[in-house]
Amino acid sequence: MKKHLSYHSLSLPITPCHSLILLFLLSPFTLMAQEMTVQAPKSVFLDDNFTVQFSVNDEASDFKGPSFKGFSLRSGPNQGSQYTSSNINGRVTNSIHTTYTYTLTADREGTFTIAPATCTSKGKKLSSESFSIKVVKPTPAQQQQRQQQQQQRRRASFDPFDMFDPWGQQQQQQQQPPKIDERSLFARASVSKSTPYQGEQIIVTYKIYTQVPVRQFAIDKLPGNKGFWAEDLTPNDQQVRQHEETIDGRRYQVAEIRRGALFPQQSGSLAIDPLDLNVLAIVQNQRRRTGTLLDLFDDPFFNTAQAVERPLHTKKINLSVKPLPSSPDDFSGAVGTFSVKGGLSLDSVKAGEAVSYRLTVSGRGNLMLINPPSPRFPSSFETYDPQVQDKINRNDNGISGSRTYEWVLIPRQDGSFTIPAYKFIYFDPASGQYKTLTVDSQTILVLPGANQSSNQANKHSSNQAIKHSNNGFTYLLYFLSLLALVFIILTLVRWLKRGQSRNHATSLSPNPKNALRLARRRLKKAAVYMKKEQAEPFYHEIYRALWGCLSDKYNIPLSQLNQDTVKASLLEKEIPEQQLQHILQLLDEVNLARFAPGDPATHMQHLYRQALNVISEI
């Protein structure tokens, strides 16, 4: 049997080897290699079916395709994912390739420009290039050639019956031409619901009903999906399901040839166009009665079989789509049956360290069309764009599964903070009402970082000293202490001016040997944790090695170390731009590495080499 298939290109990762240095030099370009490409024909014939495929060489989400003005959408976007894994010299590399495929029909002549498609990959917005497709009308000779090629393809797998005919050519002339009754072979389409709500999932099924043997079938034209978001549910194994049904007292063999999920995107009257296909049936030739002795051989054994090509068409299905009731302000766009869960990964964290916040929406319905959630985070938290992970199931019951959003948060101040409750509002078609699910609020305790503890202790001591000096007797002591402090300050200023030139000469490296020695000691500890695949202590040692080296090398107090002060201090000391970018990029990677998807061992090896190289440059 023949079916229309969607072909997916295979992308093999190119992993450098033989040299750790070469791997380090190429790794930044590998990280930046995310891109979206498009595969489409430059020209097609009028009324031809063809495919357009958008490809992303990584995980992708929030895909938005073009409108394809001038063409009829038959199917799509159908999402596919391909995973590849390689092992070279003990180094395992995993990669993923995501595709979105459309099946279209050229409706009219002309040259049409297709706008770019967009998506999100690991928080990065990707866009394809625009392209043009020229639609031309075939000449009579080309049209005839196309029809011949279609007939050859349909009959390519058919082996004609070579049966013994004792009566030769004379018997063939006596046989009646085969006929197929319309009630003996037909196609039918059905939907799970004819009056859905806007956005509600419905299942459409296409079947062949037959009382004669069928050798093969070919779909000539897929139905249009104007006004719908479509998802193909046909099994990938290409196995046609068969069973028996009785209609009006007649027994039929039934073959389910296609199944899909449709989501109406507008209310009102919508139509599912017919599906056109050709069937190659096997029919017994019937001999004409002659009134002679030959009629004694009027038995199926003496009749030959003939392959008959029969075009079939399903009927148009009209739907009456009901509009959604007036929606609340925070309506997510979800229509179906859903649940939601989520929260912080930790209840407490130190200032400057990362924590994640997740929201997972699960259920059955239009998961691909849900608006991204927007939880509220404290203003003192540094927030990164969420990473989206889909676990979508496509089966006989339609589209179901889950979509997870994960934000990486870095609190910059200590204290107690509350993440407000998040409300997820969806529409339930079964009850015809909006329903609200709530993820409870959560409090996180942000502890002082290693560089903030001494400052907090000093502030506490100062406050206590001031509180205990509110009696009259201590005013005199306070005044005398103030005079002594002024004298000391003036003495220090004079001493600092004398040593200004010497301090300026050594400010860039007050103790470079100690800084490098301490950083390497911590890197050795990190290497031990890396071999044991203990990610958390590994990242902690890398983090301490970088911050400690920067503090000692460039004479920056630990209490002032953060992304902004480091950048300002290094610029003031005229550090080369390339070296500055390496340092800042590595600090970001250390913060985000523990939350990055993929193989943890690969992340640790990459960061260790990066840290070793940056510290050597410092």
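Side chains included, hydrogens not; waters and symmetry mates left out as well; all remaining heavy atoms used.
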Exercise for review: Kindly write out the residues that satisfy salt bridge (Lys or Arg N to Asp or Glu O under 4.0 Å) with Asp390, not counting sequence neighbours, or none if the list is empty.
Suggested key: Arg403
Practice item. Any salt bridge (charged side-chain N to carboxylate O under 4.0 Å, His left out) involving residues 354-363? Give me the pairs, sequence neighbours left out, ordered by first then second residue. Key: Arg358-Glu406
Exercise for review: Return the orientation label for the Phe54 and Phe68 ring planes: parallel under 30°, perpendicular over 60°, tilted otherwise.
Suggested key: tilted
Practice item. Please test Lys122 against Glu59 for salt bridge (charged side-chain N to carboxylate O under 4.0 Å, His left out), starting from the C-alpha separation and ending with a verdict. Key: CA-CA 7 Å; Lys122 293 183 177 179; Glu59 292 181 319; 5.8 Å; no
Check your understanding: Roughly how far, to the nearest 0.5 Å, is CG of Leu126 from CE of Met36?
Key -> 6.0 Å
Point to revise | Donor-acceptor under 3.5 Å (Thr418 side chain, Pro420 main chain) | key: no
Review point. Which heavy-atom pair separates Ser61 from Val388 by the least distance, and what is that distance?
Key: OG-CB, 3.4 Å
Point to revise | Where at least one partner belongs to residues 330-356, residue pairs that pass ring-ring contact (aromatic ring centres under 6.0 Å, His included), sequence neighbours excluded | key: Phe331-Tyr434, Phe338-Tyr426
Point to revise | Side chain to side chain, Thr383 and Trp407, heavy atoms closer than 4.5 Å | key: yes
Practice item. Mind listing the closest non-hydrogen atom pair of Thr113 and Ser132 along with its distance? Key: OG1-OG, 3.3 Å
Exercise for review: Specify the closest pair of heavy atoms between Val361 and Phe424, including all atoms of both residues, with the distance to one decimal.
Suggested key: CG1-CZ, 3.6 Å
Exercise for review: May I have the step-by-step check of side-chain contact (heavy atoms from CB on, under 4.5 Å) for Asp62 and Cys119, ending in yes or no?
Suggested key: CA-CA 5 Å; Asp62 299 332; Cys119 72; 5.8 Å; no
Exercise for review: May I ask you to decide if Gln433's main-chain N or O and Asp428's side chain share a donor-acceptor pair within less than 3.5 Å?
Suggested key: no
Practice item. Decide yes or no on side-chain contact (heavy atoms from CB on, under 4.5 Å) for Val355 and Ile444, but give the supporting numbers first. Key: CA-CA 10 Å; Val355 64; Ile444 181 171; 4.2 Å; yes
Review point. Hey, does Ile370 have a side-chain heavy atom less than 4.5 Å from the side chain of Leu367?
Key: yes
Check your understanding: Do Thr118 side-chain atoms and Ser127 backbone N/O form a donor-acceptor pair below 3.5 Å?
Key -> no
Study note, to complete from the structure: One should read off an interatomic distance between Ile425 CD1 and Thr438 OG1, to the nearest 0.5 angstrom, of 8.5 Å
Review point. Do Ser128 side-chain atoms and Val38 backbone N/O form a donor-acceptor pair below 3.5 Å?
Key: no
Check your understanding: Can you tell if the side chain of Phe263 reaches within under 4.5 Å of the side chain of Gln198, non-hydrogen atoms only?
Key -> no
Point to revise | Pairwise side-chain contact, Ile399 with Met368, heavy-atom cut-off 4.5 Å (strictly under) | key: yes
Check your understanding: Below 4.5 Å, heavy atoms only, C-beta onward: do Thr99 and His97 meet side chain to side chain?
Key -> yes
Review point. Do Asn57 side-chain atoms and Glu35 backbone N/O form a donor-acceptor pair below 3.5 Å?
Key: yes
Practice item. Report the C-alpha distance between Leu324 and Val335 in whole Å, list the side-chain angles of each, state the deciding distance to 0.1 Å, and finish with yes or no for side-chain contact (heavy atoms from CB on, under 4.5 Å). Key: CA-CA 9 Å; Leu324 296 179; Val335 179; 4.2 Å; yes
Study note, to complete from the structure: Residues Ala117 and Gly65: closest non-hydrogen pair is CB-CA, 4.2 Å
Practice item. Check the pair Val52 / Phe131 against side-chain contact (heavy atoms from CB on, under 4.5 Å), numbers first and verdict last. Key: CA-CA 11 Å; Val52 173; Phe131 58 96; 3.9 Å; yes
Point to revise | Aromatic plane relationship, Phe427 with Tyr197 - under 30° parallel, 30 to 60° tilted, over 60° perpendicular | key: perpendicular
Revision key, fill the gap. Heavy-atom closest pair (Asn371 atom, Tyr405 atom, distance to 0.1 Å) is O-OH, 4.4 Å
**Study point:** Validation row: Val446, Phe381 side chains within 4.5 angstrom (heavy atoms)
**Key:** yes
Practice item. Could you tell me whether the side chain of Thr98 and the main chain of Asp58 form a donor-acceptor pair under 3.5 Å? Key: yes
**Study point:** side-chain hydrogen bond (donor to acceptor under 3.5 Å, both in side chains) assessment of Gln53 paired with Thr101
**Key:** CA-CA 4 Å; Gln53 186 178 89; Thr101 305; 3.2 Å; yes
Point to revise | Glu231 CD to Arg394 CZ distance, which is reported to the nearest 0.5 Å | key: 4.5 Å
Exercise for review: Would you check if Pro378 and Ile419 make a side-chain contact, meaning some heavy-atom pair closer than 4.5 Å?
Suggested key: yes
Practice item. Quick one: closest heavy-atom pair of Gly123 and Asp385, and the distance? Key: O-OD2, 3.7 Å
Practice item. May I ask you to test the Tyr422-Leu359 pair for a side-chain heavy-atom distance under 4.5 Å? Key: yes
Check your understanding: Within the side chain of Gln534, is there an N or O that forms a donor-acceptor pair under 3.5 Å with the backbone of Tyr529?
Key -> no
Check your understanding: CG/Leu437 to NZ/Lys423 distance, rounded to the nearest 0.5 angstrom?
Key -> 11.5 Å
Revision key, fill the gap. The reported gap from CG in Leu344 to OG in Ser356 (rounded to nearest 0.5 angstrom) is 7.5 Å
Check your understanding: Roughly how far apart are Asp330 CG and Thr436 OG1, rounded to 0.5 Å?
Key -> 9.0 Å
Review point. For residues Ser362 and Ser402, is any side-chain donor paired with an opposing acceptor at under 3.5 Å?
Key: no
